[in-house]
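The structure presented is a predicted model; accordingly, all values stated were derived computationally and were not measured. Nothing fancy with the numbering, it's 1 onward along the sequence.
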Amino acid sequence: MTRRTEWPDGPGRPERPDRPDSGAPSLSRAEQGPPPGPEEQARAICLRLLTGTPRTRKQLADALRTRGIPDDAAQEVLSRFEGVGLIDDAAFAEAWVESRHHSRGLARRALARELRTKGVDSALIDEAVGQLDADQEERTARELVERKLRATRGLDREKRIRRLAGMLARKGYSEGLALRVVRRALEEEGEDPDLLEHHLPDL
């Protein structure tokens, strides 16, 4: 004789759950609440973008615009973040100048150009690049040339000058400073100053 199985809830067939993988009933769209508003979305986007990486107000504004956040909601959130110090363009500019000058050897002109592309205000840029005086800039230029000098040995004089001065120009150094630093480095290496006259102006 076949014995009828006894279930924990009592005799008979078990009740079939609504979902086989979950005993909890699912919430309807109304029970989950309304979708987040534009300010809440903007806040979440900004917090995500600022995690581990400082950004300027313009960078965040551009990101919010790209994601379809209305301008009024974006500006409200950005102003709030600025008020509590989560956005600080002045601190961003100062840190950028210090980092990029020491790691890449960029001159004030190149640093200012980069900060402009990130939307930093001109007054803040002037203040930040003002950390670097002319002496510091020239010392960095000399270090850059000294590191590159060995790689240019074996080239003719004109090509060496062009390559070294071009490297400094790409990093934002003025032509006058670049040629003066290159001339001094070549003279210290043993180049005849009279021969350099044919390739360098009298600076």
For [X], look at atom [atom1] and say whether over 12 heavy atoms of other residues, nucleotides or ligands are found less than 6.0 Å away.
X      : atom1 : answer
Glu82  : CD    : yes
Arg104 : CZ    : no
Glu127 : CD    : no
Arg150 : CZ    : no

query: Salt bridge or not for Arg142 and Glu138, using N-O below 4.0 Å?
result: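 Here Arg142 does not pair with Glu138 in a salt bridge, since their nearest N and O are not under 4.0 Å apart.
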
message: Salt bridge or not between Glu114 and Lys118? Use side-chain N to carboxylate O under 4.0 Å.
response: no

message: salt bridge (Lys or Arg N to Asp or Glu O under 4.0 Å) for Glu39 and Arg43? Distances and angles first, verdict last.
response: CA-CA 6 Å; Glu39 288 190 13; Arg43 180 178 177 276; over 6 Å; no

- line: Minimal heavy-atom distance between Tyr173 and Gly105, with the atoms involved, is OH-O, 2.8 Å

Non-hydrogen atoms of Ala93 and Val120 that approach each other most closely: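 Closest approach of Ala93 to Val120, heavy atoms only: CB-CG1, 4.2 Å.
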
Residue pair Leu60 / Ile45, side-chain heavy-atom distance below 4.5 Å: no

- request: Given side-chain contact (heavy atoms from CB on, under 4.5 Å), test Arg57 with Phe81 step by step and report yes or no.
  value: CA-CA 9 Å; Arg57 179 169 178 142; Phe81 273 45; over 6 Å; no

Backbone N or O of [Y] within a donor-acceptor pair of the [X] side chain at under 3.5 Å?
X      : Y      : answer
Arg160 : Thr152 : yes
Ser79  : Gln75  : yes
Arg67  : Ala63  : yes

- prompt: Out of curiosity, Leu111 CG to Gln131 CD, how far, rounded to the nearest 0.5 Å?
  reply: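 Between Leu111 CG and Gln131 CD, I get 9.5 Å after rounding to 0.5 Å.
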
task: Could you go through the side chain to side chain donor-acceptor pair (under 3.5 Å) check for Gln136 and Thr140 one step at a time?
output: CA-CA 6 Å; Gln136 174 62 51; Thr140 302; 3.1 Å; yes

- prompt: When you look at Arg139 and Asp135, which way does the salt bridge (Lys or Arg N to Asp or Glu O under 4.0 Å) test go after all the steps?
  reply: CA-CA 6 Å; Arg139 283 195 299 272; Asp135 291 339; 5.2 Å; no

